[in-house]
K.L.:
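Take this structure first; my questions come after.
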Amino acid sequence: MTPAAEPGTAAIRAGIALLAAFAFALSYDALRQMAVAIHIRGPLTYAFPLVIDGFIAIGVGALLMLRTAPTRSRAYVWALVGAATITSIWANALHAVRLNQQTRPGGLQLDDLTVGALSAIAPLALAGAVHLYIVIRRHPGPGHTEEAEPTATDVAPPATDVARDADVAHDAVKVAAAPALSSEAETHKPGEVSAERLAVARTAPLGRGERASRRHIESTFRARGLTIGRKEADQMKAIVQAELDESASRQQAETSATNAAA
């Protein structure tokens, strides 16, 4: 049974969506007038803001989806999003400054630098709101966590199981694909780790220092279209690391015994 959502989560999401809509409308108005100024014809002026600000929104989502991708790929997407954001800011600022220069004296008057800086708030708010919304959707908070807090008994497998599975963990990175998950494994209860889901976790690449990595375990599950919570990933990481430690200890003992016999 899925726990109830955190109080206020829906209101926060609605507020972020409303903020993004207002920021988009403000930036859209300025960019459309810039489209008219650069002589884009008729109805196409309405598409010009979508190309720029729409690319920013999509690019922010792509950055979050590619957070585990190679550095070169993420740098490329960052460059595209950065270029689109700078273009939108520049166009909004130029539009505001030019109108400020044409305004007749009377009422509140601001200098061009202030006008340009304030006009940049809309595109920045749009990019920030899209980023916040996607982050909240991907990490809804403790209220959506499916797994219960693992106990010491759950995390630490019996010594016989560790010895039996140590060799499997040692060769886990060589496994090309995990076995198909049964319906029982896909509907596991909180606090339990099925053997088949644990087998998938063993295929995840090791992290720094050749140690089990929760992030790599999560990425492995999501790459196979499977869901996994942070607590379950931590639980699997502890089990896999215990197996790796046991395997390393056995190999060291065997090496010492061989050297002593020689």
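Sequence positions, counted from 1, serve as the residue numbers for this chain.
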K.L.:
Under a 4.5 Å side-chain heavy-atom rule over Ile, Leu, Val, Met, Phe, Trp and Tyr, are Met34 and Leu126 clustered together?
P.N.:
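Not linked; separate clusters.
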K.L.:
Once you round to the nearest 0.5 Å, how far does CZ of Phe24 lie from CG of Asp29?
P.N.:
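One finds 11.5 Å between CZ of Phe24 and CG of Asp29.
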K.L.:
Applying the 4.5 Å side-chain criterion to the ILVMFWY set and letting contacts propagate, would Ile38 and Ile52 be lumped into a single cluster?
P.N.:
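Hydrophobic grouping puts Ile38 with Ile52.
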K.L.:
Is Glu243 salt-bridged to Arg202, cutoff N-O under 4.0 Å?
P.N.:
yes
K.L.:
Is it the case that the side chain of Ser73 and the backbone of Ala69 share a donor-acceptor pair, with hydrogens and angles ignored and the cut-off at 3.5 Å?
P.N.:
no
K.L.:
How many angstroms lie between atom CG of Asn92 and atom OG1 of Thr87, to the nearest 0.5 angstrom?
P.N.:
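Between atom CG of Asn92 and atom OG1 of Thr87 there are 11.0 Å.
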K.L.:
Flag the pair Arg250 and Glu246 as a salt bridge only when some basic side-chain nitrogen lies within less than 4.0 angstrom of an acidic carboxylate oxygen.
P.N.:
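Looking at Glu246 together with Arg250, the answer is no, because their closest N to O distance does not fall below 4.0 Å.
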K.L.:
Are the side chain of Thr258 and the backbone of Glu254 linked by a donor-acceptor contact shorter than 3.5 Å?
P.N.:
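Checked: pair present.
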K.L.:
Can you give me the closest heavy-atom contact between Thr227 and Phe221, atom names plus distance?
P.N.:
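Scanning both residues, the minimum pair turns out to be O-CD2, 4.2 Å.
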K.L.:
I'd like to know if Tyr46 and Leu50 are part of one continuous hydrophobic network [Ile/Leu/Val/Met/Phe/Trp/Tyr, side-chain heavy atoms within less than 4.5 Å].
P.N.:
yes
K.L.:
Would you check if Ile121 and Leu124 make a side-chain contact, meaning some heavy-atom pair closer than 4.5 Å?
P.N.:
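Result no, sub-4.5 Å side-chain heavy-atom pair not found.
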K.L.:
Are Met236 and Ile228 close enough that some pair of their side-chain heavy atoms sits under 4.5 Å apart?
P.N.:
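Touching, per the 4.5 Å side-chain cut-off.
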K.L.:
What's the spacing between Ile56 CD1 and Ser88 OG if we round to 0.5 Å?
P.N.:
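The distance works out to 4.5 Å.
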K.L.:
Validate the cation-pi geometry between Arg32 and Phe48: distance from NZ or CZ to the six-membered ring centre under 6.0 Å, angle to the ring axis within 45°.
P.N.:
no
K.L.:
To the nearest 0.5 Å, how far apart are CD1 in Ile58 and CG in Leu80?
P.N.:
12.0 Å
K.L.:
Are Val97 and Ile89 joined in one hydrophobic group, where the rule is that I, L, V, M, F, W and Y side chains link up if heavy atoms are under 4.5 Å apart?
P.N.:
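Result: no, two separate clusters.
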K.L.:
Are there over 12 heavy-atom neighbours, none belonging to Gln252, within less than 6.0 Å of that residue's CD?
P.N.:
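No, CD of Gln252 has 12 or fewer neighbouring heavy atoms, counting only those of other groups under 6.0 Å.
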K.L.:
Determine the minimum heavy-atom distance between Val77 and Gly59, stating which atoms define it.
P.N.:
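Nearest heavy atoms, Val77 then Gly59: CG1-O, 4.0 Å.
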K.L.:
I need the Lys237 NZ to Arg230 CZ distance, nearest 0.5 Å.
P.N.:
9.5 Å
K.L.:
Ignoring hydrogens, what is the shortest heavy-atom contact between Tyr28 and Asp53? Give both atom names and the distance.
P.N.:
N-OD2, 4.2 Å
K.L.:
Grouping I, L, V, M, F, W and Y whenever their side-chain heavy atoms are under 4.5 Å apart, do Leu198 and Leu226 come out in a common cluster?
P.N.:
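Hydrophobic grouping puts Leu198 with Leu226.
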K.L.:
Spell out, as yes or no, whether a donor-acceptor pair under 3.5 Å connects the side chain of Ser27 to the backbone of Ala23.
P.N.:
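Such a contact is absent between Ser27 side chain and Ala23 backbone.
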K.L.:
For the pair Thr45 (side chain) and Gly42 (backbone), establish whether a donor and an acceptor sit closer than 3.5 Å, ignoring hydrogens and angles.
P.N.:
yes
K.L.:
From the options Arg215, Arg214, His216, select the one residue that forms a side-chain hydrogen bond (donor to acceptor under 3.5 Å, both in side chains) with Glu218.
P.N.:
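Between Glu218 and the candidates, side-chain hydrogen bond (donor to acceptor under 3.5 Å, both in side chains) is satisfied uniquely by Arg214.
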K.L.:
Would you say Asn100's side chain and Ala96's backbone share a donor-acceptor pair under 3.5 angstrom?
P.N.:
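Pair absent, no side-chain N/O of Asn100 close to backbone of Ala96.
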K.L.:
Within the 4.5 Å heavy-atom criterion, are Thr203 and Arg224 side-chain neighbours or not?
P.N.:
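Thr203 reaches Arg224 side chain to side chain.
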